[in-house]
Protein chains: 2
Amino acid sequence: MGRNKEFDTTLVLHKAMEVFGYYGYEGTSLQHLLDGLGIARQSLYDTYGTKRDLFISALKHYVTAKSDSVISYLENSDSVRQGITGVFHEGAFILKDENRRKECFIIYSAFDRIPHDTEVAEFITKDLKRLEEVFYETLVRGQSQGEISHRQELRALACYLNYARHSMTQLAKITSDPKVLDDYVKITLSSLDK
Amino acid sequence: MGRNKEFDTTLVLHKAMEVFGYYGYEGTSLQHLLDGLGIARQSLYDTYGTKRDLFISALKHYVTAKSDSVISYLENSDSVRQGITGVFHEGAFILKDENRRKECFIIYSAFDRIPHDTEVAEFITKDLKRLEEVFYETLVRGQSQGEISHRQELRALACYLNYARHSMTQLAKITSDPKVLDDYVKITLSSLDK
DNA sequence: ATCATTCCGGACCATTCAGTCTATAAAATG
DNA sequence: CATTTTATAGACTGAATGGTCCGGAATGAT
C-alpha cells in the first residue's frame with residue numbers, strides 16, 4: 001500500500017553516473033545532482049541516502065555491469081582471440097557513442113576517490129583482480145588451444161590487457177576522435193601476436 | 001629594495017603539485033594548500049594569486065618540465081629504440097620512487113578539469129600534440145635508420161606511445177607494485193617489434 | 001633612518017555546501 | 001474514507017568554502 005515510486009530508480013542511477021562522471025565526485029554539488037537526476041531533494045535522500053551513498057551505488061552498478069559483460073565475452077567465445085578482441089571493440093564502440101560514453105567516466109571519479117575512501121578502494125581493487133583473473137584464465141585457454149604463443153608471459157599479459165582496457169576510457173576522456181580509439185585498440189591487441 | 005622572499009617559489013610549486021595531485025583540484029581546500037605548502041595565506045595570494053592561478057602555474061611547470069625531458073630523450077639518442085625505451089624506463093623509474101611519484105598525479109587532476117576550464121584544456125591539448133609530433137618524427141627517423149619496420153603505421157604508433165606514457169601514470173595511481181609497472185612498459189614497448 | 005617588501009596570524013566577508021525538517025499534495029491500498 | 005507511501009518545494013542549519021583586509025614585525029636597500 002502507499003503511493004508507488006514514479007521514477008525508475010536504476011535509470012536515475014545511470015543519470016547519476018553521468019553527473020559524477022562529468023563533474024567528478026568532489027566537483028559534484030547537490031544542485032548538480034538534482035538538476036541532472038530530475039528528482040526532488042527529499043526523494044534523493046529517501047531513495048539513495050547521502051551523496052556518498054548515491055555515488056557508491058552508481059559506481060557499483062556501473063562496474064559490476066561492465067565487468068559482467070567483459071567476463072561474458074571472454075568466457076563464452078570459443079576463440080580466445082575473438083573474445084579478447086570483442087571486449088576491446090565493444091568498449092571502443094560504447095565510447096564512440098555520444099550518449100553512452102558519458103556514464104563511463106564515473107570510473108575515473110572513482111579512481112580519484114581511492115586514496116580517500118576505503119570502501120571505494122576495496123571495491124575497485126577487488127574488481128580489478130577479478131577481471132585480471134578472467135583475462136589470465138582466458139589466455140591460458142588460448143595457449144592450450146594454440147591461439148596464443150607459448151613464449152608469452154601470461155600473467156603480465158593479463159595484467160596489461162586489464163589496464164589497457166581501463167586506459168581506453170581515459171583516452172576517450174581526452175580525445176573524441178574515433179580513429180584514435182580504433183588505432184589504440186589495434187596496437188594494444190597486437191600484443192597478442194608475439 | 002625591500003625584504004626578500006624567504007621560501008623557494010619553485011619548490012613550493014612542487015609541493016603544490018603534490019597537494020593537487022593527492023586531493024584533486026576540487027578536493028583541494030585552501031587549508032590543504034596552506035598545510036602542504038607551509039606558507040601563510042597572504043603569502044600564497046601575493047605570490048601565486050588565486051587557487052586556480054596556483055593550480056595552473058603548478059600544472060604548467062610540471063608538464064613543460066616533463067615534456068622537455070621526454071623530448072630531450074627522444075631527440076638526443078642516436079638509437080631511436082633506445083630513446084623511446086629510455087622515455088618509458090625513466091617514467092617508470094620516477095613512478096617507483098615513493099617521493100617523486102607524488103607530484104606526477106597533478107596531471108590527472110588536470111585531465112579532470114578539461115571539461116570545465118578551457119585554459120587547462122588548451123594547454124593539455126597543445127602539449128599532447130607537441131609530444132605526439134616528436135614521437136612521430138622520432139619514429140620516422142627510426143624507419144630511415146632501419147630500426148623500425150616499414151610495415152608500421154607511424155602516425156598511429158606515435159599516438160599510441162604518447163597515450164601509453166600517460167596511462168603509465170594512471171596505472172601507478174592504482175597500483176604501487178613495481179613489477180606491474182615494469183611489465184606494462186615491456187609489453188607496451190613490444191609494439192615496436194611488428 | 002626611511003621606505004619598500006615580505007612575513008604571519010587572525011579577523012572578516014559573502015557564498016556555497018550537504019543535509020534536515022516541515023508542509024502539502026498525489027497516488028495506491030485496505 | 002482512512003491509512004500509507006511518495007512526491008515536491010522551500011525554509012533552514014551549521015559548517016566550510018575561497019578570497020580579502022588589517023596590523024604588526026622582520027628584513028633589506030637607499
Side-chain angles (χ1 to χ4, degrees), chain A residues 1-59 106 109-110 112-113 115-120, chain B residues 1-59 106 109-110 112-113 115-120:
Chain A
M1 79 160 57
R3 185 174 172 176
N4 291 341
K5 267 223 186 312
E6 289 192 356
F7 56 86
D8 180 340
T9 55
T10 69
L11 191 137
V12 170
L13 221 48
H14 278 270
K15 292 183 183 172
M17 295 174 197
E18 296 186 8
V19 176
F20 281 123
Y22 183 70
Y23 294 104
Y25 177 77
E26 295 276 4
T28 298
S29 73
L30 223 46
Q31 199 54 53
H32 290 143
L33 286 169
L34 300 183
D35 295 344
L37 308 192
I39 61 175
R41 180 174 287 231
Q42 198 57 34
S43 301
L44 190 158
Y45 277 94
D46 287 345
T47 314
Y48 303 101
T50 69
K51 170 184 165 184
R52 176 175 172 275
D53 293 335
L54 172 58
F55 177 73
I56 290 186
S57 296
L59 174 67
I106 192 181
S109 307
D112 289 342
R113 294 302 298 160
H116 312 99
D117 193 316
T118 57
E119 189 177 350
V120 172
Chain B
M1 76 163 55
R3 185 174 172 175
N4 291 341
K5 266 214 187 316
E6 287 192 356
F7 55 87
D8 181 340
T9 56
T10 69
L11 189 137
V12 169
L13 221 49
H14 278 270
K15 290 183 183 173
M17 296 175 198
E18 297 186 7
V19 175
F20 281 123
Y22 183 70
Y23 293 104
Y25 177 77
E26 294 277 4
T28 298
S29 72
L30 223 47
Q31 199 54 52
H32 289 144
L33 285 170
L34 300 184
D35 295 344
L37 307 191
I39 62 175
R41 178 175 287 229
Q42 198 56 35
S43 303
L44 190 158
Y45 277 93
D46 287 343
T47 314
Y48 303 100
T50 70
K51 171 186 165 184
R52 176 175 171 275
D53 294 334
L54 172 58
F55 177 72
I56 291 186
S57 296
L59 175 67
I106 192 180
S109 307
D112 290 341
R113 295 301 298 161
H116 312 99
D117 193 317
T118 58
E119 187 177 349
V120 171

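Below, read A as the first sequence line, B as the second, and so on, with proteins coming before strands; counting in each chain starts at 1.
Counting non-hydrogen atoms under 4.0 angstrom, B:Ser43 reaches the backbone sugars and phosphates but no base.
With sequence neighbours excluded, the residues that form a side chain to side chain donor-acceptor pair (under 3.5 Å) with B:His32 are B:Ser29. Partners of B:Ser57 under the side chain to side chain donor-acceptor pair (under 3.5 Å) rule, at least two apart in sequence or in another chain, do not exist in this structure. The side chain to side chain contact (heavy atoms under 4.5 Å, CB included) check on B:Asn4 picks up nothing, with sequence neighbours excluded. Every residue meeting the salt bridge (charged side-chain N to carboxylate O under 4.0 Å, His left out) condition with A:Arg3, not counting sequence neighbours, appears here in chain and number order: A:Glu6. In this structure, A:Ser43 has no side chain to side chain donor-acceptor pair (under 3.5 Å) partners at least two apart in sequence or on a different chain.
The backbone N or O of A:Thr50 lies less than 3.5 Å from a partner atom in the side chain of A:Asp53, making a donor-acceptor pair.
Rounded to a whole Å, the CG atom of B:Leu44 is 9 Å from the P atom of D:dG19. A straight line from CD of B:Gln31 to C1' of D:dG19 spans 13 Å, rounded to a whole angstrom. A straight line from CG of B:Asp46 to P of D:dG19 spans 14 Å, rounded to a whole angstrom.
Sorted by residue number, the list of members of residues 7-26 of chain A with any non-hydrogen atom under 4.0 Å from DNA chain C is empty.
Applying the side-chain hydrogen bond (donor to acceptor under 3.5 Å, both in side chains) test to pairs two or more places apart or on separate chains, those with a residue in residues 7-16 of chain A are A:Asp8-A:Thr10, A:His14-A:Glu103. The salt bridge (charged side-chain N to carboxylate O under 4.0 Å, His left out) analysis of residues 39-49 of chain B, with sequence neighbours excluded, yields no pairs.
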Pairs of donor and acceptor atoms involving the side chains of residues 16-26 of chain B, under 3.5 Å and at least two apart or interchain, shall be tabulated with distances.
unit_1  : atom_1 : unit_2   : atom_2 : d
B:Glu26 : OE2    : B:Arg113 : NH1    : 3.1

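Contact annotation: the side chain of B:Val12 never approaches that of B:Thr47 to less than 4.5 Å [non-hydrogen atoms, C-beta and beyond]. At a threshold of 4.5 Å between non-hydrogen side-chain atoms, the residues B:Leu34 and B:Gln31 count as touching.
Taking every nucleotide of DNA chain C with any atom under 4.0 Å from a non-hydrogen atom of chain A, the first and last of them, 5' to 3', are C:dC17 to C:dG30.
Nearest-nucleotide mapping onto DNA chain C: of A:Gly49 and B:Ile39, the residue sitting toward the 5' end is B:Ile39.
The shortest distance between the side-chain N/O atoms of A:Lys5 and the OP1/OP2 oxygens of D:dA7 is below 4.0 Å.
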- request: Give the B/S/- string for nucleotides 20-25 of chain D, one per nucleotide from 5' to 3', where a protein heavy atom under 4.0 Å of the base yields B, of only the sugar-phosphate yields S, and otherwise -.
  value: BB----
